[in-house]
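Report on the following structure.
As the structure lists them, so they are numbered: ligands from 1, and atoms in each ligand from 1.
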Amino acid sequence: MVLADLGRKLNAALSSLNRAPIVDEKVLDTLLKDVCAALLETDVNVKLVAQLRQKVKAKVKASLESGADKGKDVNRKSIVQKAIFDELVQLVDPGVEPYKPKKGQSNVIMAVGLQGNGKTTTCTKLAVYYQKRGFKSCIVCADTFRAGAFDQTRQSATKAKVAYFGSYTETDPVAIAAQGVAKFKKERFDVIIVDTSGRHKQESELFQEMVQIGEAVKPNMTIMILDASIGQAAEAQARAFKESSNFGAIIVTKMDGHAKGGGAISAVAVTKTPIIFLGVGEHLHDLEKFSPQPFISKLLG
Ligand code: GDP
C-alpha cells in the first residue's frame, strides 16, 4: 500500500465519524480500529500504533471530562479529529530541530546509508537544493568500495553544475573525505556534502568506516538516507546506523514509488531523529522539504 492509500483509508475512517449521528465510545473505538489498521498496513511499528490509539483515547476522554464538547456531538467530532491529527503529526515529529546550514561558513554534511538507498542521487539533489538557495555547494565522493561510485558522482555533479571531488587511485575513503573537505573549505564553499560508501549489509567494517570519516571531517550534520521501499526493515537499519554515526537527520527516498513508507516513519520515533526531505523521483529536483504538520495535512487531503 502506498501512502496515498493510507491517506484514503484515514479519510474514509474520518468521514464515517462525520456521518455518525452521535459520538460515543463505540464510534470512537471503531474509528480508532480503522485508523490503526490503516497505519499497520503501511508498516508503521505495532507499538507506535498501540500508543497512538491510547493517546487519542486519553486526550478525547480528558477533553470530554472537562466539558469541552459543551454537550454537542459536532464539538465531540472536532475533538476526536484534532486528537487524531495531532497524534499522526507526533508520529513523524520527534520534537528535535535539525541542523540548518548557515551562509558564510562551511557546513559539512555527511550522508550515510546502505548501498542502493539513493545516497549518491540524494547528495546531488541536496547540493542542487542548497545551490539554488545561494549556498556555494559541492560533493566529496568518499565511496571507494563500489566500482563506478566516483564516476556516478562526477556525472551527476557535472549535470547539476555542482563542484565535486574524488579519486580514481586513492583507496582510503577517510583520506579522500579529509582531502576533499579541506580543499573545499579552503575554497570557501558553504555546503560540503560527503557521500560515503554503503555496502550491501550492515557490516561492522562499514560502521567503523563511518566513525573514522566522521572523525576526519567533523560533520555539522550527518544524514541517514533511508529507502522507503524496505518496509519494516527501515527501523533496524536506522537503529544500527544511529549507533555508529549518530545521524541528526533522515531523508526518506523513493516516496514516489510503491513504498509503504510506514517503516521509515517508525524510524523517526525509534531514533528520535527528524526527517528533513523526501526523495520523490530520480531527477535532480525530485526532493521535497519535509515538515510534520504539512505532511499529515497533505496526507489527509
Ligand atoms: P546509493 O547506492 O545509495 O548511492 O544509491 P543511488 O543514488 O545510486 O540510487 C540507487 C537507485 O535509486 C538509482 O537508480 C536512483 O535513480 C534511484 N533513486 C534514488 N532516489 C530515488 C527516489 O527518490 N525515487 C526514485 N524513484 N528512485 C530513486
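Proximity of I225 to ligand 1, defined as any heavy-atom pair under 4.0 Å, is not found for any part of the residue. Within the 4.0 Å heavy-atom criterion, neither part of H283 lies near ligand 1. Within the 4.0 Å heavy-atom criterion, both parts of T120, backbone and side chain, lie near ligand 1. For M255, no heavy-atom contact with ligand 1 is shorter than 4.0 Å. Contacts of L114 with ligand 1, taken as heavy-atom pairs under 4.0 Å, involve the backbone alone.
By the 3.5 Å distance cut-off applied to N or O atoms, D286 is not counted among the residues near ligand 1. Any N or O atom pair closer than 3.5 Å counts here, and Q152 shares at least one such pair with ligand 1. Residue contacts with ligand 1: G279 is placed with a nitrogen or oxygen under 3.5 Å of a nitrogen or oxygen of the ligand (distance criterion only).
With contacts defined as side-chain heavy-atom distances shorter than 4.5 Å, the pair I265/L39 does not qualify.
When hydrogens are left out, the protein atom nearest atom 26 (N) of ligand 1 is D256 OD2, 2.8 Å; that is the closest non-hydrogen contact. Looking from atom 5 (O) of ligand 1 to the surrounding protein, the closest heavy atom is G118 N, 3.1 Å. Among all non-hydrogen protein atoms, the one lying nearest atom 7 (O) of ligand 1 is T121 OG1, 2.5 Å. For atom 22 (C) of ligand 1, the closest non-hydrogen atom on the protein side is G281 O, 3.1 Å. The shortest contact between atom 10 (C) of ligand 1 and any protein heavy atom is with G116 O, 3.7 Å. Remark: minimum distance from atom 13 (C) of ligand 1 to any protein heavy atom is reached at E282 OE1, 4.2 Å. The nearest protein atom to atom 3 (O) of ligand 1, hydrogens excluded, is given as K119 N, 2.7 Å; this is a heavy-atom distance.
The distance from ligand 1 to the heavy atoms of Q115 drops below 4.0 Å at these ligand atoms: 2 (O). Counting atoms of ligand 1 from 1 in the listed order, those under 4.0 Å from a heavy atom of K254 are 12 (O), 18 (N), 21 (C), 22 (C), 23 (O), 24 (N), 25 (C), 27 (N), 28 (C). Residue V280 approaches ligand 1 through these ligand atoms, each under 4.0 Å from one of its heavy atoms: 23 (O).
Look at D29 and K33 and you find no salt bridge, because none of the NZ, NE, NH1 or NH2 atoms lies under 4.0 Å from a carboxylate O. By the 4.0 Å N-to-carboxylate-O rule, R8 lies close enough to D5 to be salt-bridged with it. At a threshold of 4.0 Å, the pair K47-E235 does not count as salt-bridged, since none of the basic side-chain nitrogens sits closer than that to a carboxylate oxygen. Electrostatic pairing of R239 and E243 does not count as a salt bridge here, judged by no charged N lying under 4.0 Å from a carboxylate O. Look at K103 and D190 and you find no salt bridge, because none of the NZ, NE, NH1 or NH2 atoms lies under 4.0 Å from a carboxylate O. Using a cutoff of 4.0 Å between basic side-chain nitrogens and carboxylate oxygens, E41 and K260 are not scored as salt-bridged.
The two residues V268 and P94 make their nearest non-hydrogen contact at CG1-CD, 3.6 Å.
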Given the rule in the side chain to side chain donor-acceptor pair (under 3.5 Å) test, do N107 and Y130 qualify, once you have shown the distances and angles that lead to the verdict?
CA-CA 11 Å; N107 301 273; Y130 287 119; over 6 Å; no

Please evaluate residues F247 and F241 with respect to the criterion ring-ring contact (aromatic ring centres under 6.0 Å, His included), reporting the C-alpha separation (whole Å), side-chain torsions for both, the decisive distance (0.1 Å), and the verdict.
CA-CA 8 Å; F247 54 86; F241 270 93; 7.4 Å; no

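Inspection of the N117 and Q237 side chains reveals an N or O donor paired with an N or O acceptor under 3.5 Å.
In this structure, OG1 in T273 is found 10.5 Å from CG in L226, a value given to the nearest 0.5 Å.
Residue contacts with ligand 1 do not include G113, since none of its heavy atoms lies under 4.0 Å from the ligand.
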